[in-house]
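Numbers here are sequence positions counted from 1. All ligand and atom numbering here is 1-based and tracks the order in the structure.
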Amino acid sequence: MLQALIFDVDGTLADTEWAHLAAFNLAFAAHGLYWHWEEAQYRQLLAITGGTERLLHYWCSRKGAVSPAAPSVAEVEYMRRIHRTKTGIYTYLAASGHVRLRPGILDLLAAARDNGLRLAIATSTTTANIKALLGAHLGEGWQEYFTVIEDGATAPRKKPHPQVYAQCLAHLGLSADQCLAFEDSAAGLAAARAAGIPTVVTPSDFTTGQDFSGALRVVPDLTGVDLAQLRRWQSSAECLDPGQHSSQEENRGFLCVAL
Ligand code: XBP
Ligand code: MG
């Protein structure tokens with residue numbers, strides 16, 4: 001029986017990567033770097049989950065290092081400083097309401113809460129980012145929605161490693177088949193599936209076209225997806241063709257107002 005819904009944050013609760021990308025580029029400028037990540041390049045860099053890890057990967061590849069590179073302690077600290085600046089910019093954007101939740105999310109969170117299902121978060125992102133995004137949309141009491149929150153701080157082995165989902169299950173005290181996960185990316189899907197959790201995928205602007213084999217369902221977004229529907233999907237092993245989501249212009253335009 002379905003007991004809990006576990007949500008990824010970036011790309012799933014909201015199409016956040018436009019804001020992450022803008023924040024990275026503004027942070028580079030703030031640190032006097034002539035780096036600028038283009039949209040297509042960032043799409044590829046997203047394969048490296050976690051902002052600091054992404055920066056280190058980029059830094060090492062600029063140096064021509066063969067992956068996996070071993071950056072020095074000073075290099076790691078430098079990337080962490082840039083990442084702290086980036087987090088400050090991102091949290092400003094998210095907290096001021098410039099990153100919207102995806103369609104259907106608010107209704108599903110409310111329905112789950114009203115029907116006694118537990119909610120959890122399983123994300124690779126920074127703790128402050130979750131607070132900024134969800135505080136803006138759910139209010140000061142946003143944490144009351146979620147029984148368990150696992151993020152980049154509590155689960156340092158980033159997706160596709162299943163650590164974040166395994167810890168979620170342990171803290172919920174539930175088995176994988178009592179939960180559904182919601183993801184937007186192939187790395188996130190791999191993490192949830194490695195933990196054994198059936199996963200609904202809603203591709204985001206930056207993950208459309210990835211391989212979502214093994215998903216329970218792939219749908220453009222969660223509009224009109226209610227608990228009865230989720231229970232039907234959970235009890236069925238059948239998989240539908242991937243749907244695609246195409247609101248890139250709309251999401252980018254909304255963020256541009258803030259910059
Ligand atoms: C998405 C990510 C995140 C953000 C950046 O992972 O990789 O790292 O792009 O966040 P998920 P930080 O969808 O699994 O949450 O810069 O805060 O690390
Ligand atoms: Mg994601």
Side-chain angles (χ1 to χ4, degrees), residues 6-28 37 39 41-59 76 79-95 99 101-102 105 120-134 146 148-168 181-195 197 199-212 215 218 221-222 245 251 255:
I6 307 175
F7 288 88
D8 167 49
V9 174
D10 291 303
T12 302
L13 291 181
D15 234 327
T16 55
E17 293 299 349
W18 297 108
H20 282 296
L21 175 57
F24 275 115
N25 283 329
L26 287 168
F28 299 155
W37 289 350
E39 188 184 317
Q41 181 184 17
Y42 190 62
R43 206 174 290 275
Q44 292 178 351
L45 285 167
L46 280 174
I48 313 297
T49 52
T52 306
E53 290 82 352
R54 195 168 299 141
L55 283 168
L56 277 166
H57 169 86
Y58 180 71
W59 172 263
V76 172
M79 293 304 117
R80 285 195 177 136
R81 279 211 310 278
I82 297 170
H83 189 254
R84 280 196 289 275
T85 304
K86 176 260 173 182
T87 298
I89 297 165
Y90 176 85
T91 53
Y92 165 76
L93 290 170
V99 183
L101 296 184
R102 290 192 63 184
I105 289 292
I121 285 177
T123 176
S124 298
T125 206
T126 304
T127 315
N129 297 351
I130 310 169
K131 180 180 176 199
L133 178 72
L134 295 183
F146 301 97
V148 171
I149 299 173
E150 293 290 331
D151 61 24
T154 60
R157 303 188 74 172
K158 306 284 164 75
K159 300 172 187 176
H161 194 282
Q163 183 184 46
V164 70
Y165 279 105
Q167 289 182 185
C168 253
F182 295 84
E183 275 288 352
D184 71 300
S185 69
L189 171 63
R193 293 301 298 136
I197 307 170
T199 306
V200 176
V201 174
T202 51
S204 58
D205 288 353
F206 283 84
T207 61
T208 292
Q210 292 183 356
D211 180 3
F212 299 123
V218 183
D221 59 49
L222 295 174
H245 179 56
N251 286 324
L255 179 63

Checklist entry - So Asp8 and Lys159, salt bridge (Lys or Arg N to Asp or Glu O under 4.0 Å) or not? Walk me through it. => result CA-CA 11 Å; Asp8 167 49; Lys159 300 172 187 176; 2.9 Å; yes
Check the side chains of [Y] and [X] for a donor-acceptor pair under 3.5 angstrom, ignoring hydrogens and angles.
X      : Y      : result
Asp10  : Thr125 : yes
Glu53  : Tyr58  : no
Asp184 : Thr202 : no

Checklist outcome for this item: Lining ligand 1 at under 4.0 Å, by non-hydrogen atom distance, are residues Asp8, Asp10, Glu17, His20, Tyr42, Thr49, Gly50, Gly51, Arg54, His83, Lys86, Thr123, Ser124, Thr125, Thr126, Asn129, Lys159
Checklist entry - For the atom pair CG (Leu222) and CD1 (Ile105), what is the distance rounded to the nearest 0.5 Å? => result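 With rounding to 0.5 Å, CG (Leu222) is 5.0 Å from CD1 (Ile105).
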Checklist outcome for this item: Closest heavy-atom pair, Pro203 versus Arg102, reported as atoms and distance to 0.1 Å, is O-NH2, 3.0 Å
Checklist entry - Using the ring of each side chain (for Trp, its six-membered ring), is Phe206 parallel, tilted or perpendicular to Tyr42, with breaks at 30° and 60°? => result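 Correct class here is perpendicular.
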Next on the checklist: Closer than 2.8 Å to the Mg ion (ligand 2), what protein N/O/S atoms do you find?
Outcome noted: Asp8 OD2, Asp10 O, Asp184 OD1
Checklist entry - Can any side-chain N or O of Gln210 pair as donor or acceptor with the backbone N or O of Ser185 at less than 3.5 Å? => result no
Next on the checklist: Would Thr127 and Asp151 count as a side chain to side chain donor-acceptor pair (under 3.5 Å) here? Give the steps.
Outcome noted: CA-CA 6 Å; Thr127 315; Asp151 61 24; 2.8 Å; yes
